[in-house]
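These notes concern the structure reproduced below.
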Amino acid sequence: MSNNTHDAFDAEALYRALLDAVRTGLASVPDAAIVGIHSGGAWLAERLAADLGLEKRLGFIDVSFYRDDYAKKGLHPDVKPTRIDFNVDGATILLVDDVLYTGRTVRAAINVLFDYGRPQRIMLAALADRGGRELPVAADFVGTHAQLAAGQSLSLARNAQGQLSLTIEDDNADSAQ
């Protein structure tokens, strides 16, 4: 786990560190399931599921309609389908997001999961934790902690070969919101 303030991170190295931590954390969990939050968390969840042999217990969720700022932001133009093809009741679920920030996306994702059933336990993995929490949410597994200046955000991208990159970008969000 490292602290970075550079323009780019070695996302592949961060993924490997996250994978090692998750593998250790789930070692004693029978029938764990992995659910990725679209889109960056879904990319990470796919890789984690493949590397951990959990492809049959892999799901994806889009939290667009569950966000508490939905009325302010409106419908995101790239809404993806939620797909959970396993029984959520009593399951231990590893919820995966790319960047943990305010905690609002995670809260929305938990609401989605409870629409599908009542998990026994939900654990959280994030490639990067940038602090700035507005809700009491903490990740069980984190690749890195990042300190960003005001007006900056972290952006995860995936190329055609599936390689990940994590960069610091200027946040183009309307600051009046």
Side-chain angles (χ1 to χ4, degrees), residues 9 11-12 14-15 17-19 21-22 25-26 29 32-52 54-70 72-88 91-146 148 153-158 162-167 169 171 173:
F9 296 83
E12 289 298 323
L14 295 176
Y15 171 76
L18 183 63
L19 172 62
V22 168
L26 294 182
V29 177
I34 298 178
V35 175
I37 301 171
H38 281 297
S39 61
W43 300 335
L44 293 167
E46 284 178 324
R47 285 193 52 187
L48 287 168
D51 290 338
L52 298 170
L54 294 171
E55 298 93 344
K56 289 183 174 30
R57 294 188 50 82
L58 172 64
F60 305 103
I61 57 177
D62 188 311
V63 299
S64 297
F65 296 112
Y66 289 79
R67 294 280 310 206
D68 59 4
D69 57 0
Y70 175 76
K72 188 189 313 182
K73 287 187 171 185
L75 182 60
H76 190 277
D78 195 24
V79 173
K80 305 272 197 259
T82 291
R83 191 192 91 221
I84 298 176
D85 297 330
F86 55 85
N87 188 1
V88 170
T92 295
I93 295 175
L94 178 67
L95 185 62
V96 183
D97 201 2
D98 53 355
V99 178
L100 178 57
Y101 182 32
T102 64
R104 293 182 182 280
T105 297
V106 172
R107 183 214 47 87
I110 291 170
N111 285 351
V112 173
L113 287 173
F114 274 87
D115 279 354
Y116 283 81
R118 186 180 184 283
Q120 176 183 348
R121 182 176 184 193
I122 299 172
M123 302 170 84
L124 178 62
L127 191 63
D129 181 343
R130 63 166 290 181
R133 223 66 86 238
E134 295 174 1
L135 298 174
V137 172
D140 297 280
F141 312 104
V142 177
T144 191
H145 291 71
L148 301 182
S153 62
L154 287 172
S155 178
L156 184 67
R158 181 176 70 169
Q163 297 294 315
L164 301 170
S165 62
L166 184 65
T167 56
E169 297 182 351
D171 192 356

Roughly how far apart are [X] [atom1] and [Y] [atom2], rounded to 0.5 Å?
| X | Y | atom1 | atom2 | answer |
| --- | --- | --- | --- | --- |
| K80 | I61 | NZ | CD1 | 14.5 Å |
| I34 | R47 | CD1 | CZ | 12.5 Å |
| L44 | I37 | CG | CD1 | 10.5 Å |
| L127 | L154 | CG | CG | 9.0 Å |
| E169 | S153 | CD | OG | 5.5 Å |
| F9 | L14 | CZ | CG | 7.5 Å |

If you compare all heavy atoms of [X] against all heavy atoms of [Y], which two are closest, and at what distance to 0.1 Å?
| X | Y | result |
| --- | --- | --- |
| G40 | D98 | CA-OD2, 3.6 Å |
| L18 | G143 | CD1-N, 4.0 Å |
| E55 | A50 | OE2-CA, 3.2 Å |
| V96 | A45 | CG1-N, 4.1 Å |
| S64 | D62 | OG-OD1, 2.5 Å |

Report yes if some heavy atom in the side chain of [X] is under 4.5 Å from a heavy atom in the side chain of [Y]; otherwise report no.
| X | Y | value |
| --- | --- | --- |
| I84 | F86 | yes |
| M123 | F141 | yes |
| L48 | L19 | yes |
| L124 | V137 | yes |

For [X], what residues pass the side-chain hydrogen bond (donor to acceptor under 3.5 Å, both in side chains) criterion, not counting sequence neighbours?
| X | answer |
| --- | --- |
| Y15 | D51 |
| R158 | E46 |
| D140 | none |
| Q163 | none |

Going by the rule side-chain contact (heavy atoms from CB on, under 4.5 Å), which residues pair with S165 if we only count those two or more places apart in sequence or in a different chain? A157
Can you name the residues that form a side-chain contact (heavy atoms from CB on, under 4.5 Å) with A126, not counting sequence neighbours?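 With neighbours one apart ignored, the set is L100.
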Give a yes or no on whether the backbone of A128 and the side-chain of T144 come within a donor-acceptor separation of less than 3.5 Å.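 Here the side-chain-to-backbone pair does not exist.
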Expected list for residues 112-119: side-chain donor-acceptor pairs under 3.5 angstrom, two or more places apart:
from: D115; atom 1: OD2; to: Y66; atom 2: OH; distance (Å): 2.3

Check the pair D85, R83 against side chain to side chain contact (heavy atoms under 4.5 Å, CB included), reporting the backbone distance first and the verdict last. CA-CA 6 Å; D85 297 330; R83 191 192 91 221; 3.0 Å; yes
For a side chain to side chain contact (heavy atoms under 4.5 Å, CB included) check, start with the C-alpha distance between L94 and V35, then their side-chain angles and the critical distance, and finish with the verdict. CA-CA 6 Å; L94 178 67; V35 175; over 6 Å; no
Pairs where residues 119-136 contributes a residue and the test salt bridge (charged side-chain N to carboxylate O under 4.0 Å, His left out) is met, not counting sequence neighbours: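 Counting only pairs at least two positions apart or across chains, the salt bridge (charged side-chain N to carboxylate O under 4.0 Å, His left out) contacts touching residues 119-136 are R104-E134, D129-R133.
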Ring pair (Phe, Tyr, Trp, His ring centres under 6.0 Å) with F60: which residues, sequence neighbours excluded? H38
